[in-house]
Amino acid sequence: MRKVTIFGSTGSIGENTVDLIARAPELYDVVALTGGRNVARLAEQAISLNADLAVTAFDDCYDDLKAALSGTGIEVAAGEAAVAEAADRKADWFMSAIVGAAGLVPGLRALRHGTILALANKESLVTAGPYLMAEARKHGATILPVDSEHSAVFQALVGEDMKAVERIIITASGGAFRDWPLQALEKATLAEASAHPNWDMGQRITIDSASMFNKAMELIETKEFFGVDTDKIEAVVHPESLIHALVGFKDGALMAHLGPPDMRHAIGYALHWPDRGHVPVARLDLAQIGSLNFRPAEEDRYPALRIARDVMQTGGLSGAAFNASKEAALDAFIAGQIGFQDMARLVDKVLNRLQQRNGLSCDILTLDKVLATDHLARKTTQDMMQDATVR
């Protein structure tokens with residue numbers, strides 16, 4: 001039996017991972033599941049998968065989780081330190097599906113086992129890409145991308161020589177506002193930004209899709225994971241969300257990865273790798289689809305893409321600052337403190353201020369530097385909002 005641990009099991013990626021494992025329980029020994037405040041669901045998962053350990057990231061949820069698992073024999077723990085400690089338990093396959101910078105430390109600790117880290121946590125590569133990849137090499141671990149776009153690129157590159165790669169194209173749905181007049185975006189509401197035309201996702205990722213901050217993160221991820229130059233990475237809006245990425249080669253060929261808009265495809269690929277296993281997703285009927293559409297990813301509509309290119313050019317600690325400021329700006333938008341378009345303005349101003357005052361270039365990344373920059377960027381974002389310097 002394959003020993004597996006799922007970080008963030010109650011989120012969207014985690015739920016889909018649990019679904020796949022629950023379909024073949026005889027193949028997997030679940031070491032640990034971690035989640036947030038949805039302790040009822042975390043307990044259900046732990047019982048159904050017969051997990052050894054269930055961890056909530058919140059100390060105040062410990063009693064509820066303990067009560068829900070009373071008499072099951074499943075060990076219970078709580079707190080961020082306990083989540084990280086769950087990574088110290090040996091497993092063959094770890095799913096990193098915690099949302100936000102909180103996923104970085106557990107992922108790094110999982111790499112020490114020299115096994116497989118299935119990475120759905122964008123922030124790990126954005127904030128500390130070179131450090132994360134170096135740790136994987138140091139311990140002989142394998143990182144498999146679980147973002148649908150990067151899984152698609154990974155699959156398109158099987159058997160290929162990276163020296164022959166001319167371009168990598170990441171597709172984007174365009175989000176809730178892809179068809180809105182540009183001038184209307186200033187008045188976009190939280191409810192409007194939270195309604196995705198293609199996907200049923202959590203609120204934060206749906207808003208990040210509308211602003212294209214998620215795609216900005218994925219551009220940075222592409223650079224860090226595949227080691228390609230910034231000018232070889234492109235984004236294009238593809239409303240149908242059926243082509244997840246394309247790789248262009250120096251002979252002019254484009255290799256496209258098509259699949260249904262179902263995250264179980266990318267998760268299943270990572271779960272069964274290096275083999276291909278059966279995954280219960282819809283099979284595409286190309287005749288019924290009829291046509292596929294593409295349009296430019298306009299940077300005046302999606303300024304986060306331009307900011308991401310600046311981050312890739314600067315390197316160093318700029319990714320950590322970008323992610324932290326983005327998360328803080330998103331919190332402020334959800335709280336009604338700033339407008340939709342103000343998020344990109346705020347992040348841009350924070351990065352410029354930090355670059356001028358502290359400098360974000362850094363030859364050698366360390367975890368301490370990344371975490372310190374994360375803290376500084378969040379504080380700077382809050383300070384700039386209070387100073388009314390967003391616009």
Side-chain angles (χ1 to χ4, degrees), residues 57 80 84 96 98-108 121-133 203-205 207-224 230 302-391:
E80 291 185 5
S96 175
I98 297 174
V99 175
L104 176 59
V105 171
L108 284 168
N121 175 260
K122 300 177 188 295
E123 293 78 9
S124 294
L125 280 169
V126 171
T127 61
Y131 180 62
L132 186 80
M133 300 304 287
Q203 183 186 51
R204 296 179 71 84
I205 185 61
I207 297 170
D208 277 349
S209 177
S211 65
M212 207 78 100
F213 264 112
N214 71 323
K215 207 55 51 178
M217 300 272 284
E218 288 167 10
L219 293 178
I220 300 170
E221 282 184 272
T222 302
K223 177 180 184 294
E224 299 299 345
T230 302
Y302 305 113
L305 299 178
R306 191 267 306 159
I307 300 172
R309 295 200 175 278
D310 292 343
V311 168
M312 288 190 286
Q313 292 288 354
T314 303
L317 293 164
S318 60
F322 171 78
N323 176 71
S325 183
K326 188 274 293 184
E327 289 187 7
L330 177 57
D331 289 339
F333 174 63
I334 292 173
Q337 297 171 326
I338 61 175
F340 178 76
Q341 294 287 72
D342 292 331
M343 288 189 289
R345 296 188 186 107
L346 181 56
V347 172
D348 200 21
K349 287 180 178 292
V350 168
L351 289 176
N352 287 333
R353 176 174 290 188
L354 292 179
Q355 178 69 356
Q356 292 168 4
R357 293 185 177 182
N358 304 86
L360 293 172
S361 298
C362 177
D363 292 334
I364 300 176
L365 285 186
T366 66
L367 183 58
D368 287 343
K369 288 180 181 179
V370 169
L371 296 178
T373 300
D374 178 278
H375 176 76
L376 177 60
R378 291 176 194 274
K379 183 178 185 304
T380 303
T381 305
Q382 291 293 330
D383 292 344
M384 293 188 77
M385 280 196 300
Q386 292 172 4
D387 293 342
T389 54
V390 176
R391 293 179 182 272

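Heavy-atom basis, side chains included; hydrogens, waters and symmetry copies ignored.
Using a 4.5 Å heavy-atom cutoff, the side chains of P106 and I98 are in contact. Within the 4.5 Å cutoff, side-chain heavy atoms of M343 are placed close to those of I338. Here the side chains of L125 and I220 are not in contact, with every heavy-atom distance at 4.5 Å or above. Side-chain contact check for D310 versus L351: every heavy-atom pair is 4.5 Å or farther apart. Two residues are said to be in side-chain contact when any heavy atoms from C-beta on lie closer than 4.5 Å; L104 and L367 meet this criterion. Contact check for T230 versus R309: side-chain heavy atoms found under the 4.5 Å cut-off. Contact check for R204 versus D331: side-chain heavy atoms found under the 4.5 Å cut-off.
Interatomic distance, OG1 of T222 versus NZ of K215, reported as 9.0 Å (0.5 Å rounding). Remark: I205 CD1 to L330 CG distance equals 9.5 Å, nearest 0.5 Å. Taken from NZ in K326 to CG in L346, the straight-line distance is 13.0 Å, to the nearest 0.5 Å. Separation of atoms CD (E218) and CG (L305) is listed at 10.5 Å; rounding is to 0.5 Å. Put simply, OG on S124 and OH on Y131 are 12.0 Å apart, with the number rounded to the nearest 0.5 Å. Within the model, atoms CG of N352 and CD1 of I307 stand 8.5 Å from one another, a figure rounded to the nearest 0.5 Å.
No salt bridge links D348 with R345; every basic N to acidic carboxylate O contact stays at or beyond 4.0 Å.
Between S211 and Y302, the shortest heavy-atom distance links the atoms O-CD2, 4.0 Å. Shown here for V370 and A128, the closest heavy-atom pair between the two residues is CG2-CB, 4.0 Å. Contact between L219 and M312 at its shortest, heavy atoms only, is O-SD, 3.5 Å. Considering every non-hydrogen atom in both T314 and S318, the closest pair reads CB-OG, 3.8 Å.
A side-chain contact (heavy atoms from CB on, under 4.5 Å) with R353 is found for one member of K349, R357, Q355 and no other, namely R357.
For Q341, the CD atom sits in a packed shell: over 12 heavy atoms of surrounding residues, nucleotides or ligands are nearer than 6.0 Å.
Considering only residues two or more places apart in sequence or on other chains, S96 meets the side-chain contact (heavy atoms from CB on, under 4.5 Å) condition with L117, L119, N121. In this structure T366 satisfies the side-chain contact (heavy atoms from CB on, under 4.5 Å) test together with D368, K369, sequence neighbours excluded. Evaluation of the side-chain contact (heavy atoms from CB on, under 4.5 Å) rule for N358 yields L354, L376 as partners, not counting sequence neighbours.
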Let's go through E327 and N323 carefully: what are the C-alpha distance in whole Å and the side-chain angles of both, what is the deciding distance for side chain to side chain donor-acceptor pair (under 3.5 Å) to 0.1 Å, and is it a yes or a no? CA-CA 6 Å; E327 289 187 7; N323 176 71; 3.3 Å; yes
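No donor-acceptor pair under 3.5 Å is formed between the side chain of S325 and the backbone N or O of A321. Looking only at distances, no side-chain donor or acceptor of E123 sits under 3.5 Å from a matching main-chain atom of A101.
Ring orientation note: the planes of F333 and F340 are nearly perpendicular, at an angle over 60° on the 30°/60° scale.
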